[in-house]
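Structure record follows, encoded as structure tokens.
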Amino acid sequence: MELRAYWTIILRRIWVVALVVGIVTLYVGYQYYHLRKTPGALKAYSSGITIQIGLQPSSNGDTNSANYVSVSESLADAMVASPILTSHEFDTDISNQIAQDMSMIQQRYGANADLGDWQNASAIGQSLSANRVDSLVTINTNWNTPAGAWAIANAIGEVSVAKIGTYLDYVIKNNAIQNSTGNFMPSQVSARVIVAAPDSITVAGSSSNKINLYILLLLVALALGIALTFLLDYLDDRIRSKNDVTQLLGIPIYAEIPRAPSPGRTQSSASHK
Amino acid sequence: MGNLTKEQYALLTDFDLNTSFGEAFHTLFANIRFNWETYTIEPPYVHTLLLTSVSEHAEQSAVAANLAIVAAQSGYKTILVDADLRTPSLQKRFGLENSVGLSDLLEDISITVQKVSAHLQTTFIPGLQILTSGTSTSTGVTLLLSPKLQACIECIRKVLEQPGNAPGFVIYHSPPVLAGADASLIGALIEQVLLTVVAGHTTRAQAKEAQEKLEQAQAKLVGSIIVNQ
């Protein structure tokens, strides 16, 4: 009986529940749409590649190896901290490298390998992050397909080996090493991939907890809507039922008159005692 | 049905008899009868009832009109009195003109059974007559405060106390209790008062206040009617 009364209260103001849930659903839908558009936001696959950045000394260069170590660390730091990874130039190079690696990727993941939005340079840029230990720079990729995550990591290694000097030239100019005679020595930045074979690039998948968060948000909205119906019902002083009248006035109900039907229309009979 | 107004449509005669709407009025009349039969054991069997509401709502006069129709169709000689001198509407439901009626009787120097009979209008329902609110321009509550009200109510009742002891029923329809003193003034002189509550419209505070006003006037509030809109 109590449950039926509660259900009646909810039904009476079902529009409140629908309104609250509807608004939250719109919000969740909007957020979900953006998540789907963002690589790696829903189902993320991460891959990582570690490269060592160093400075190749010239034949008449400084013999003090400490200087090279110091510069190498500076270069690694620049790779991590500067916007190289998110630069259009670097990301376009990655995208182009993936195109060149396509046969290798298809060998690994099949002819219809899903690489995601790999031609979108800015999407690639958004998916990259880096950290370093000494002169070792690990670049992580978060992508929405495993093949794409692997292809990007592999391409990063290849592009870094081939073109690292292009991106870090300005660092060399700023950190040119003076040899013991006081002359600035010409040097060349180089990079090598620490992991030797493409097989050693690991791809790990993880589900985004945002979906769970949105489901939870919808449940909270439902609970909030129901709570609001009870609050509104509590604040509503209007008489709703026969019980309200008998409890309030303490007099019998002689009849309950239903809404008048349309003239000439037959309604199903019902008792109104 | 022709060009009927919305007020005329709410009459029971516009619906099939077996609708839940029609059955509700038969139930209402049956419950009224159960109640008065416990009080009356001797003739004349003429009973008076005031139908009033807590606050203003459109269907109040329809409830009175339909109850009167059910009573008349059940074989009771019935008089329906439109005591709502503020916004008279009952006559429209029966397609009648608001000619001389209650307010004219209350303004008259003397009230007699013959005068009341002359003011009654017959309706298309056999056995049902209407005393309209009247044509007087005086303020309603002023007329109802007149000591003639009691005499008037008594004369209306006596119209039905004719030889043969056929049962009679006088139904008064008044303005809402909270609209003024009209309902309380009439209710104090009537055998039974029924209070109409509109579900989803009437508040608890209003209903309680209406009950207190009727009790203060010594009106015999015997029950209530719930109207679903």
Side-chain angles (χ1 to χ4, degrees), chain A residues 1-20 22 225-273, chain B residues 1 4 6 8-32 34-35 49 51 54 59 62-63 66-67 70 192-208 210-212 214-215 221-229:
Chain A
M1 188 60 193
E2 283 290 308
L3 280 176
R4 214 176 296 160
Y6 293 148
W7 178 240
T8 307
I9 290 170
I10 293 169
L11 271 187
R12 192 181 298 146
R13 299 180 198 281
I14 195 74
W15 63 270
V16 175
V17 181
L19 184 70
V20 174
I226 291 171
L228 266 177
T229 61
F230 282 100
L231 177 68
L232 288 175
D233 197 76
Y234 177 76
L235 296 175
D236 188 357
D237 190 35
R238 287 178 292 182
I239 289 170
R240 295 284 179 188
S241 66
K242 289 194 284 189
N243 286 344
D244 289 350
V245 178
T246 46
Q247 284 172 12
L248 182 75
L249 304 180
I251 53 176
I253 308 294
Y254 272 45
E256 187 173 359
I257 312 292
R259 189 193 298 267
S262 301
R265 196 173 156 192
T266 305
Q267 269 191 338
S268 60
S269 297
S271 173
H272 293 275
K273 280 285 276 185
Chain B
M1 299 291 293
L4 296 179
K6 187 183 172 187
Q8 286 171 301
Y9 272 131
L11 288 184
L12 269 185
T13 47
D14 294 320
F15 308 118
D16 292 339
L17 285 175
N18 60 347
T19 60
S20 56
F21 185 69
E23 284 188 7
F25 283 99
H26 285 92
T27 303
L28 172 61
F29 183 59
N31 284 335
I32 292 167
F34 295 150
N35 194 281
L49 175 81
L51 272 182
V54 173
E59 296 306 309
V63 174
N66 287 328
L67 178 63
V70 169
Q192 295 180 5
V193 178
L194 285 182
L195 188 64
T196 303
V197 170
V198 184
H201 178 76
T202 308
T203 65
R204 289 179 175 84
Q206 286 176 326
K208 197 69 190 165
Q211 185 186 32
E212 285 169 1
L214 289 171
E215 284 173 353
L221 180 62
V222 294
S224 63
I225 302 165
I226 296 181
V227 174
N228 292 308
Q229 282 191 323

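The chains referred to below are lettered A, B, ... by the order of the sequence lines, with proteins before strands, and numbering in each begins at 1.
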Discussion item. Tell me every residue that passes salt bridge (charged side-chain N to carboxylate O under 4.0 Å, His left out) with A:D237, counting only those two or more places apart in sequence or in another chain.
Written reply: none
Practice prompt. Identify which part of B:I225 has an atom lying under 4.5 Å from any heavy atom of chain A, answering side chain, backbone, both or neither.
Written response: both
Fill in: Validation row, ring centre B:F25 to ring centre B:F29 under 6.0 Å
no
Practice prompt. Against chain A, work out which of B:N228, B:T203, B:I226, B:V227 has the most heavy-atom pairs shorter than 4.5 Å and name it.
Written response: B:I226
Worksheet item: With only heavy atoms counted, which part of B:L195 is less than 4.5 Å from chain A, the side chain, the backbone, both or neither?
Response: side chain
Practice prompt. Show your working on salt bridge (Lys or Arg N to Asp or Glu O under 4.0 Å) between A:R13 and A:D236 and close with a plain yes or no.
Written response: CA-CA 11 Å; A:R13 299 180 198 281; A:D236 188 357; 2.6 Å; yes
Worksheet item: For A:T246, is it the side chain, the backbone, both, or neither that has a heavy atom closer than 4.5 Å to a heavy atom of chain B?
Response: neither
Discussion item. Under 4.0 Å between a side-chain nitrogen and a carboxylate oxygen: does that hold for A:R238 and A:D244?
Written reply: no
